[in-house]
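Keep in mind that what you see is a predicted model, and the values were worked out from it rather than measured. Chain letters run A, B, ... following the sequence lines, proteins first and then strands; every chain starts at 1.
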Protein chains: 2
Amino acid sequence: MPKKPASIRDVAERAGVSPGTVSNVLNGSRPVNAALAERVREAVEALGYQADRAAALLRTGKARIIAVLVPDLDNPFFTSLVSAIEACLRDQGYEIIVASSNGSDATEQSRLAAILAWRPAGLVVVPCSDSFAPRALIERARVPYVIADRITQDPTADTVSVDNFDAGAIGMRHLVENSHRAILIAASELRLANMRARCTGANTVLDQHGLPPAPVIEAGGDAALAATRIGGWLDAHPHPTAILALTNFTTLGALAALAERNIAIPHQISLIGFDDYAWMRARATPLTAIRQPVEEIGAKIWERLKARIEGEDSRPVHVALRCELHQRASTAPPAI
Amino acid sequence: MPKKPASIRDVAERAGVSPGTVSNVLNGSRPVNAALAERVREAVEALGYQADRAAALLRTGKARIIAVLVPDLDNPFFTSLVSAIEACLRDQGYEIIVASSNGSDATEQSRLAAILAWRPAGLVVVPCSDSFAPRALIERARVPYVIADRITQDPTADTVSVDNFDAGAIGMRHLVENSHRAILIAASELRLANMRARCTGANTVLDQHGLPPAPVIEAGGDAALAATRIGGWLDAHPHPTAILALTNFTTLGALAALAERNIAIPHQISLIGFDDYAWMRARATPLTAIRQPVEEIGAKIWERLKARIEGEDSRPVHVALRCELHQRASTAPPAI
DNA sequence: TCAACGAGATAAAACGATTTACGTAAATCG
DNA sequence: CGATTTACGTAAATCGTTTTATCTCGTTGA
């Protein structure tokens, strides 16, 4: 039971070789005589040796770490994103550091600085605002990075997100084709470009059908707030025949508001949810939902990041993945 | 626009002092003349200097990193736990590394080894099985650690979990007091001690009322599986008047199974859910739920871990927090 | 036969922060 | 006033790995 974990020197000594040789065996950086290599591997096994990542990092300058910074670790969309990315990295010898900016620009900046001090191999950011001020910070650190989900205008880095315009459009199209004309759009915060794109997509469909744009409510960034805001709106206006939620939290808010008011789905109001979670299906009237392909998003993020880490130097790539509408029982033509 | 990030030497040069002094200013390890300190701080500011954590780690031997290993990053309970812990660490200069063992002992072992190579200051583990083989690995690395949620028998480390016996008991008590006699318990996997404790707690209440133990169904570790297993059980047996779910996934499974079969809650079957998420409340009949105090659990974990990191050497502490029953509309006395 | 060559190992020099050991000047004490 | 302590800086050693420069020794070609 050694006080200190074994070092490369211990391994070298036990195998009767120099530390350099041990390193070469373990990393395959240069050829090593097979017999020696075997002796080294035995010693490694016997001592339970694990290279100290910090020392390796210090020498090589790049940690096998991917940092992920999201606005909110309580938002299931972001955590599922983290999970999807983690699944990709797991077998590739990378670790993942997560941090939450808690929706605050200041926190985003400070967390980012702290994370960059680890000199991670790559960075995934879901910015908490469109301006994304800390970009300068990242570029000074020269870390490959991917901006996910919330893409900012004129980005200088690879971005991966869904086709937000289309996401809004497919939802609205489904409603219009079901003869809905009085539709409420429940967005989270219109300061976010992705949210505006979803709204525009939805309203473009209305326009194509010669219909006026739908009212949009800014329901806020968490479920409780969304419930009161949407509830408030419902109390103050004539009821729409359908609600198009553009966020998983606004979906929850709409559900809560409707439930509180005993408004039947879809008989009185149809509802389209955003994202697709198990709880949306585990209902008497399962929710029609606009599903973001989270695993695919995670995989694409890793694909782009990996390419950049390996030195790809092409112009920024912008990936926009398609959302899918899953039609279920929460939408139906309005009662006459 | 420097090619390399600034090092402590650059700062020292700019401030006209030695690197050692810069270190002392930044870490406060030894007193430094105020005027010099100011000059150093200016230089740090001007160069945007951030100490290379790897170098510091190599010298000091302990990273300001907390590693968290959970069985499943798609389980909202575990992600909310991560979020709660992250919230505690955020302002304390620690970073958090997350990894998922994916419910596999082998993965758990290998992820743990990889993480320990970073020599983290502390470790939080939710073991994926009760035997928790990798414990030896951790102890050899001499890293302070806390076992969370799934506590194993005779643990040699601090543990934080809920009082599982009590959690099962309060759920069952509520049902019994509402005159339910035919109750189905939906557990995830009985190989887990915490699951068995919840069952025992529930059945003890039955026993106290002179009632026979309730049937227990092993619904499995994800929502889809739980839905088919619970559905299958319902099809094969006379319906119970209530279901007590002991996991958030089995709650979802029960809801899905009941919805599919058009069984009304609570009129035909009452349901108690486990954990407490927004979606449980955003329903026409909000779910009565057994709430685990996640934030408190996270805070306690950090409290214990911090104490150990700071050298506390007392005997292992075992924290068991109380769950709370939130009574809502999904439970009612059975129809005659 | 001998210089040139290679294959493959080793010794030694980084990497950048922390920390120990030491030096120097000012302050304090007897 | 000289000796000693105090305060505070600096130089240098150190952490464990990777990598570069060297070194050794058996092989080969002329």
Side-chain angles (χ1 to χ4, degrees), chain A residues 2-41 43-44 47-65 93 114 116-119 121 141-142, chain B residues 2-40 43-44 47-65 93 114 116-121 141-142:
Chain A
K3 192 81 190 164
K4 300 264 175 200
S7 87
I8 200 172
R9 232 172 289 271
D10 302 325
V11 176
E13 193 173 344
R14 193 175 218 271
V17 298
S18 75
T21 302
V22 175
S23 174
N24 287 330
V25 171
L26 265 45
N27 303 317
S29 4
R30 291 176 15 159
V32 169
N33 179 290
L36 276 198
E38 192 43 44
R39 288 228 310 275
V40 168
R41 260 184 283 272
V44 165
L47 297 172
Y49 169 72
Q50 275 269 118
D52 184 323
R53 311 294 297 252
L57 165 54
L58 176 57
R59 181 63 234 241
T60 61
K62 280 296 171 200
R64 289 183 76 83
I65 282 189
L116 288 174
W118 282 102
R119 318 264 184 262
R142 299 183 177 274
Chain B
K3 192 80 189 163
K4 299 265 175 198
S7 86
I8 200 172
R9 233 171 290 271
D10 303 325
V11 176
E13 194 173 344
R14 194 173 215 272
V17 298
S18 76
T21 302
V22 175
S23 173
N24 286 331
V25 171
L26 266 45
N27 304 316
S29 2
R30 291 181 11 167
V32 169
N33 177 291
L36 275 196
E38 193 42 45
R39 288 229 308 277
V40 168
V44 165
L47 297 171
Y49 170 72
Q50 275 270 120
D52 184 324
R53 313 294 297 250
L57 165 54
L58 177 57
R59 181 62 235 242
T60 59
K62 281 297 172 198
R64 289 183 76 83
I65 282 188
L116 288 174
W118 283 102
R119 320 261 185 263
R142 297 179 181 275

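Note on A:Ser7: every side-chain N or O is 4.0 Å or more away from OP1 and OP2 of D:dG16. Residue A:Asn27 places at least one side-chain N or O closer than 4.0 Å to OP1 or OP2 of D:dT18. In terms of phosphate contacts, A:Thr21 brings a side-chain nitrogen or oxygen within less than 4.0 Å of OP1 or OP2 of C:dT10. In this structure, B:Tyr49 reaches the C:dA17 phosphate: one of its side-chain N or O atoms is under 4.0 Å from OP1 or OP2.
Using a 4.0 Å heavy-atom cutoff across all strands shown, B:Arg9 reaches at least one base atom of the nucleic acid. Within the 4.0 angstrom heavy-atom criterion, base atoms lie near B:Ser23. Contact annotation for A:Val17: backbone-only contact, meaning every heavy-atom pair under 4.0 Å involves sugar-phosphate atoms and none involves a base.
Between the CG atom of A:Leu57 and the P atom of D:dT18 there is a distance of 11 Å, given to the nearest Å. For A:Asp10 and D:dG16, the CG to C1' distance is 10 Å, given to the nearest whole Å. In this structure, B:Arg30 places its CZ atom 14 Å from P of D:dA11, rounding to the nearest Å. To the nearest angstrom, C1' of D:dA11 lies 13 Å from CG of B:Asn24. Taking atom CZ on A:Arg59 and atom P on C:dC15, their separation rounds to 7 Å, with Å as the unit. To the nearest angstrom, C1' of D:dC15 lies 17 Å from CZ of A:Arg53. If you take CD of B:Glu13 and C1' of D:dT10, they are 15 Å apart, rounded to a whole angstrom. For B:Gln50 and C:dG16, the CD to C1' distance is 14 Å, given to the nearest whole Å.
Within the model, atoms CZ of B:Arg119 and CG of A:Asp52 stand 4.0 Å from one another, a figure rounded to the nearest 0.5 Å. The CG atom of A:Leu47 lies 10.0 Å from the CD atom of A:Glu13; values are rounded to the nearest 0.5 Å. Residue B:Leu57 holds its CG atom at 8.5 Å from CG of A:Leu57, rounded to the nearest 0.5 Å.
In the set D:dT17, C:dG16, D:dT19, the nucleotide with an atom closest to the side chain of A:Asp52 is D:dT17. The A:Ala55 side chain lies nearest to D:dG16 when the options are C:dA17, D:dG16, C:dT19. Picking from C:dG16, D:dT18, C:dT18 the nucleotide with the shortest atom distance to the side chain of B:Ala56 gives C:dT18. With C:dT18, C:dT10, D:dC15 as the candidates, the nucleotide lying closest to the side chain of B:Leu58 is D:dC15.
Shown here is B:Gln50, whose CD atom has more than 12 heavy atoms of other residues, nucleotides or ligands within 6.0 Å.
The stretch residues 32-40 of chain B comes close to DNA chain D through B:Val32, B:Asn33, B:Leu36, each having a heavy atom under 4.0 Å from the strand.
Nucleotide C:dC2 has D:dG29 as its partner under the Watson-Crick or G-U criteria, with both atom distances under 3.5 Å. Remark: D:dT17 base-pairs with C:dA14; criterion is Watson-Crick or G-U wobble with both hydrogen-bond distances under 3.5 Å.
Judged by closest nucleotide on DNA chain D, B:Gly20 is the one of B:Arg119 and B:Gly20 placed further toward the 5' end.
Counting only heavy atoms from C-beta outward, the side chains of A:Val25 and A:Leu36 never approach each other to under 4.5 Å. Between B:Val40 and B:Tyr49 the shortest side-chain heavy-atom distance does not fall below 4.5 Å.
At distances below 3.5 Å, at least one donor-acceptor pair connects side-chain atoms of A:Arg39 with backbone N or O atoms of A:Ala15. Without hydrogens or angle criteria, B:Arg30 side chain to B:Asn24 main chain gives no donor-acceptor distance under 3.5 Å.
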